[in-house]
Enquirer: 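The structure's right below; bear with me while I get my questions together.
Small disclaimer: the values here were computed from a predicted structure and weren't measured. Quick note on labels: first sequence line is chain A, next is B, and so on, each numbered from 1.
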Protein chains: 2
Amino acid sequence: MKATRKLSIEKISIAPAYKVVSQAIERQIMQGTIKAGDVLPSETALAEQLGVNRSTVREGIRLLEQNGLVRRRGGKKLFASVPHYHETAAHVSRAMVLHEVTFQELWETIMALEPVAAELAAERATEEEIAALEDNLERTRRSLANSESLTELDIEFHHLIARASHNRALLLAREPLSHLFYPAFYNVMSRLNAGERLFFAHDKILEGIRNRDPQTAKSWMEKHIVDFRRGYELANLDIHAQVEPSSLPLVAE
Amino acid sequence: MKATRKLSIEKISIAPAYKVVSQAIERQIMQGTIKAGDVLPSETALAEQLGVNRSTVREGIRLLEQNGLVRRRGGKKLFASVPHYHETAAHVSRAMVLHEVTFQELWETIMALEPVAAELAAERATEEEIAALEDNLERTRRSLANSESLTELDIEFHHLIARASHNRALLLAREPLSHLFYPAFYNVMSRLNAGERLFFAHDKILEGIRNRDPQTAKSWMEKHIVDFRRGYELANLDIHAQVEPSSLPLVAE
DNA sequence: CGTTGATTTATTGTCCGACAATCCAATCGT
DNA sequence: ACGATTGGATTGTCGGACAATAAATCAACG
């Protein structure tokens with residue numbers, strides 16, 4: 001940059017310039033100097049400001065881009081941005097797959113989160129959110145035969161509930177888990193023909209939410225999740241099997 | 001628009017080459033063609049294989065690098081890698097801060113996770129893990145006066161319990177939350193002098209774990225988390241305040 | 001023969017310059 | 001006022017260059 005502050009022969013590894021560039025911009029975004037939606041200077045301008053070459057700036061931008069802190073809109077301009085929750089969820093999903101998390105670990109965690117989500121949803125869901133849930137339920141009723149859409153509808157149902165909980169931390173924590181359940185869920189559904197039970201449980205949960213009855217919503221959600229595990233075992237699937245990456249793209253927006 | 005005689009299938013923008021490069025490598029890693037620890041070809045070799053320029057390869061590598069799918073060791077060689085859980089946690093933390101998650105949301109979520117973690121830890125903790133928890137407790141006892149170390153020790157305690165739960169999904173889900181609690185926790189500690197209560201609760205939780213008594217561990221953890229919230233309110237802090245970014249680095253390894 | 005030290009080679013990080021495609025904005029024609 | 005045109009700005013990609021340094025190779029030495 002400008003001042004040479006490298007007098008001491010510090011431990012090791014001065015960060016490469018592209019990383020410094022990325023961190024410099026990241027700091028400004030985190031501090032609020034740059035707000036989401038702001039358009040960033042052009043690459044050449046940044047290169048000049050930061051005193052590095054454009055190629056270096058580009059590499060720095062790639063880091064931010066992958067984080068979702070920055071994205072291109074309209075193909076040209078670079079905007080600061082808040083990471084979309086499904087990008088974040090995808091990161092976590094991938095990490096879990098690579099860490100070879102088992103179905104049981106997934107289940108234990110979702111079992112901790114979903115009932116709370118249902119409980120909070122019963123307290124806070126807006127009319128629109130309840131309508132969306134009812135729409136989902138209706139589509140579920142019409143898809144009882146089709147394992148594939150049933151699986152997608154179930155994932156959507158739980159996602160909608162998490163949204164209705166109005167708790168973004170919860171939403172962000174459960175999303176990657178839900179995503180990873182897809183393959184297991186599909187397996188259970190196509191082998192067990194458990195559509196009726198699923199519909200019934202969803203109906204009860206939604207009833208609890210509609211009636212602003214957190215306890216009902218919560219306990220039916222618990223039953224629902226427990227039931228799924230039983231189905232998993234009944235379908236002769238290995239509870240200690242590693243979760244597979246789901247090719248299903250995370251729900252958008 | 002359609003004045004040119006280009007084939008009309010041109011609508012969707014083709015992904016830039018650097019993204020294609022990144023995805024190509026990512027796919028190989030996810031499929032297991034490349035396993036964690038493998039050393040990747042040099043940039044020039046990759047450029048040749050993929051038929052693009054080295055600069056383009058570099059930009060692609062940056063994407064993977066930020067994801068933790070790939071990292072440099074010894075400053076030269078590029079290794080495939082599994083994302084470290086604290087990298088993933090940092091992603092999520094940042095996302096939550098930028099989404100302006102409130103303390104209440106954070107609390108509700110951690111309230112769902114921590115008791116389950118304690119419960120599972122009581123069932124599964126190894127002797128080493130229990131020893132580490134006891135060591136932590138002892139250090140806590142000696143730090144009752146110091147808010148700062150108390151905060152760090154508490155975070156470590158909960159992290160150790162999550163580890164002892166032997167559930168990596170749970171570990172990964174709760175880590176970013178725990179991290180974000182740091183500032184709030186420090187505030188409560190330094191205003192309320194609640195070290196004794198904290199120590200007492202930790203002691204009870206650990207007792208439950210040591211005695212392989214999941215219910216005790218779980219219910220004391222519940223009390224502990226509820227207690228923290230009460231402390232937060234007693235300290236006159238706003239439950240709906242946005243969480244701040246913690247400058248505390250995530251626990252390493 | 002194994003260890004150490006010197007030398008060569010390979011590779012990364014950074015820079016420079018170039019160019020086509022394309023988006024953006026200002027201008028122009030009507 | 002408004003649509004088309006044009007020209008500048010910007011991005012994505014390429015090619016090449018070079019210093020620094022990690023890795024590999026070889027030489028000397030005990």
Enquirer: Without decimals, in angstroms, what is the distance between B:Phe79 CZ and C:dT11 P?
Expert: 13 Å
Enquirer: Measure the acute angle between the ring planes of B:Tyr186 and B:Tyr182, then classify it against the limits of 30° and 60° as parallel, tilted or perpendicular.
Expert: parallel
Enquirer: Using whole Å, what does the distance between atom P of nucleotide C:dT12 and atom CD of B:Glu65 come to?
Expert: 12 Å
Enquirer: Answer with base, sugar-phosphate or nothing: what part of the nucleic acid does A:Ser55 contact at a heavy-atom distance below 4.0 Å?
Expert: base
Enquirer: Does C:dC16 have OP1 or OP2 under 4.0 Å away from a side-chain N or O of A:Asn53?
Expert: yes
Enquirer: Base, sugar-phosphate or nothing for A:Arg72? Non-hydrogen atoms, less than 4.0 Å.
Expert: sugar-phosphate
Enquirer: Looking at B:His158 versus B:Phe185, is the centre-to-centre ring distance below 6.0 Å?
Expert: no
Enquirer: In whole Å, I'd like the distance from the CG atom of B:Leu78 to the P atom of C:dT11.
Expert: 12 Å
Enquirer: Between A:Arg124 and B:Glu105, does any NZ, NE, NH1 or NH2 come within less than 4.0 Å of an OD or OE carboxylate oxygen?
Expert: no
Enquirer: Distance check needed: C:dT11 C1' versus B:Lys77 NZ, whole Å only.
Expert: 9 Å
Enquirer: So, OP1 or OP2 of C:dG13: does either fall under 4.0 Å of a side-chain N or O from B:Arg62?
Expert: yes
Enquirer: Quick one: side chain to side chain contact (heavy atoms under 4.5 Å, CB included) partners of B:Glu138, sequence neighbours excluded?
Expert: B:Arg141, B:Arg142
Enquirer: From CD of B:Glu43 over to P of C:dC15, roughly how many Å is that when rounded to an integer?
Expert: 15 Å
Enquirer: Does the plane of the ring in A:Phe103 sit parallel, tilted or perpendicular to the ring in A:Phe181? Use 30° and 60° as the thresholds.
Expert: perpendicular
Enquirer: Could you list where the contact with chain A starts and ends along DNA chain D, reading 5' to 3', using a 4.0 Å heavy-atom cut-off?
Expert: D:dT10 to D:dT13
Enquirer: Out of C:dA25, C:dT14, C:dT11, which nucleotide sits closest to the side chain of A:Pro16?
Expert: C:dT14
Enquirer: If you measure from the Lys or Arg side-chain nitrogens to the Asp or Glu carboxylate oxygens, is any gap between A:Glu65 and A:Arg62 under 4.0 Å?
Expert: yes
Enquirer: Please report the distance, rounded to the nearest Å, between OH in A:Tyr18 and C1' in C:dT12.
Expert: 9 Å
